[in-house]
Amino acid sequence: MTALPFPSKRAPIYRDVPDEKWNDWRWQLSNRLNSVEDFEKVLKLTDSEKKALTAQDLFRVDITPYFVSLVAPDDPYDPIRLQVIPTANEIVPFTGMMEDSLAEDRHSPVPGLVHRYPDRVLMLVTTQCASYCRYCTRSRIVGDPSATFSRAEFEMQINYLKKTPQVRDVLLSGGDPLTLAPKLLEELLARLREIPHIEILRIGSRVPVFMPMRVTEELTNVLQKFHPLWMNIHVNHPNEISAELAEACDKLGRAGVPLGNQSVLLAGVNDCVHLQRKLVQDLLRIRVRPYYLYQCDLVEGAGHFRTPVAKGIEIIEGLRGHTSGFAVPTFVVDAPGGGGKIPLAPNYLLSMSDHKVVMRNFEGFVTTYEEPLSYQPHNPETCSYCKSKRMEPGQAGLTALLDGEAMFIKPEGFDELHNREGGMHRLRSDQEKWKPLGIGPGKET
Ligand SMILES: *Cc1c(COP(=O)(O)O)cnc(C)c1O
């Protein structure tokens with residue numbers, strides 16, 4: 001690998017910490033900062049930060065020494081600081097904010113498992129993170145040291161997955177799966193790999209960003225036993241890309257783990273086209289492909305981070321065509337109420353008729369494309385993929401089995417949205433309201 005220009009930083013108070021300690025993730029975890037006294041040793045707190053840090057019932061604060069070292073200590077608007085150190089803005093009540101804005105709990109057939117899309121599930125495996133993002137979409141469950149997922153719940157999750165053959169992709173999240181004890185993580189991955197219909201495993205983690213020293217050879221040796229295993233990290237600002245993160249990503253890449261990045265669009269942190277261009281280009285240098293750019297969710301305490309939706313579209317427009325196609329993430333709004341991720345993109349299609357499509361390119365140049373005069377589509381009768389109906393619309397998502405019966409309930413107030421083509425099917429944790437259903441299109445009641 002050519003030498004990369006990314007810095008390696010340590011706040012002055014950590015200068016005398018021996019390297020073996022600094023590079024030990026357990027040391028990083030047990031020396032996290034969370035109080036006014038801790039932070040004052042590293043930076044000058046604002047009155048707003050002090051107020052928040054001494055407030056009751058605030059979402060958990062904890063920052064690794066590594067990550068706090070990336071903050072410019074004299075800048076109250078430092079983009080890393082804003083992500084992890086609370087301000088009084090968090091205490092301001094905000095109308096429209098929701099505790100569980102994505103209705104994940106409603107889509108949980110068993111605790112900690114969110115089955116929102118037909119062929120994949122989100123599995124919440126821990127409530128702990130290496131550091132806590134102030135805009136956390138799961139602040140309702142994350143951070144509470146007393147609320148860990150139990151062994152019994154884990155067995156229920158595994159049992160559900162075994163009985164749900166349409167799940168081919170399991171996304172481990174939390175909390176942060178890479179904060180789990182190494183043996184526990186290995187057991188979890190091994191148990192999932194035993195289920196034949198689970199084709200891919202994914203981990204969503206900010207550990208490489210908060211605590212890159214966690215990516216040890218021991219960890220990559222474990223991960224590579226369970227391929228195909230993919231990982232999404234979470235970088236929001238170019239300042240988070242350090243020599244240490246580059247090294248962690250290099251190790252993961254060498255272990256065959258393809259890396260993606262999920263960013264959240266945050267006011268005052270990364271709501272800038274030029275900054276985003278630098279971010280995605282730097283990510284490619286460390287072999288991380290930008291995956292999603294998220295609109296900030298409607299989370300209590302995070303109102304001050306929200307941007308207009310148009311800002312996200314503007315950013316994508318400033319990337320597409322202007323830089324490597326590889327570098328352009330998909331901008332998504334996770335629909336409040338559980339509608340799922342909705343991709344939004346600039347409009348390049350100006351008009352369309354039977355024979356002509358009118359479009360514009362990234363420079364605003366308008367052009368046309370002539371449609372073919374005749375089109376011979378493939379024959380679905382002889383196509384083996386069509387016949388296998390692997391993703392038959394209307395069928396997918398229906399066949400979750402609990403106690404041997406398929407369960408499905410039409411979501412309240414979603415009659416119009418529910419169509420057999422799109423197949424919006426949900427599962428609910430509220431078992432009383434579940435009803436058994438015949439499998440296949442046309443049988444919904
Ligand atoms: C984001 C998400 C997924 C994964 O979605 P992809 O678009 O496949 O990355 C799965 N389940 C839930 C509940 C999610 O929020």
Side-chain angles (χ1 to χ4, degrees), residues 98-127 129 133 135-142 149 153 157 160-161 164 166-177 192 195 197-206 228-235 257-265 283 288-299 302 312 316 328-345 390-391 393 396-400 411 414 417 422-429:
M98 306 177 202
E99 165 137 305
D100 175 19
S101 80
L102 308 180
E104 290 186 328
D105 299 343
R106 259 204 295 130
H107 297 134
S108 297
V110 295
L113 205 63
V114 187
H115 193 173
R116 174 67 192 77
Y117 299 99
D119 67 340
R120 55 209 188 279
V121 298
L122 174 67
M123 190 168 171
L124 306 176
V125 297
T126 173
T127 58
C129 287
C133 310
Y135 49 87
C136 177
T137 191
R138 280 191 209 106
S139 52
R140 72 185 187 282
I141 45 175
V142 163
F149 296 106
E153 282 175 3
Q157 296 174 343
Y160 176 84
L161 292 172
T164 313
Q166 81 271 28
V167 174
R168 39 159 290 287
D169 174 0
V170 176
L171 166 47
L172 301 182
S173 181
D176 197 316
L192 291 169
I195 304 174
H197 56 263
I198 295 177
E199 297 172 1
I200 64 167
L201 299 173
R202 284 200 255 179
I203 294 178
S205 175
R206 208 179 187 188
L229 184 144
W230 296 62
M231 189 181 293
N232 271 322
I233 65 170
H234 173 176
V235 181
V257 181
L259 295 173
N261 184 61
Q262 316 201 81
S263 296
V264 183
L265 184 51
L283 284 167
V288 176
R289 191 183 192 288
Y291 181 55
Y292 283 143
L293 172 64
Y294 285 94
Q295 175 71 10
C296 190
D297 289 331
L298 301 176
V299 181
I316 301 305
V328 185
T330 303
F331 174 55
V332 290
V333 180
D334 218 332
K341 295 181 186 71
I342 300 173
L344 296 178
R390 187 178 167 94
M391 288 290 287
L398 272 182
T399 54
F414 275 82
L417 259 183
M424 298 254 303
H425 303 298
R426 288 141 194 258
L427 297 165
R428 305 180 62 132
S429 55

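Counting starts at 1 for both ligands and their atoms, following the listed order.
Using a cutoff of 4.0 Å between basic side-chain nitrogens and carboxylate oxygens, R206 and D176 are not scored as salt-bridged.
Among all heavy-atom pairs drawn from V328 and R289, the shortest one is O-NH1, 4.5 Å. When all heavy atoms of H197 and V167 are compared, the closest pair comes out as CD2-O, 3.1 Å.
A distance-only check finds a donor-acceptor pair linking the side chain of N261 to the backbone of V235 [under 3.5 Å]. With S139 contributing its side chain and Y135 its backbone, the two residues share no donor-acceptor pair below 3.5 Å. No side-chain donor-acceptor contact under 3.5 Å links S173 to the backbone of L124.
Around ligand 1, the residues contributing at least one heavy atom under 4.0 Å from the ligand are V114, R116, Y117, R120, L122, L171, R202, Y291, Y292, K341.
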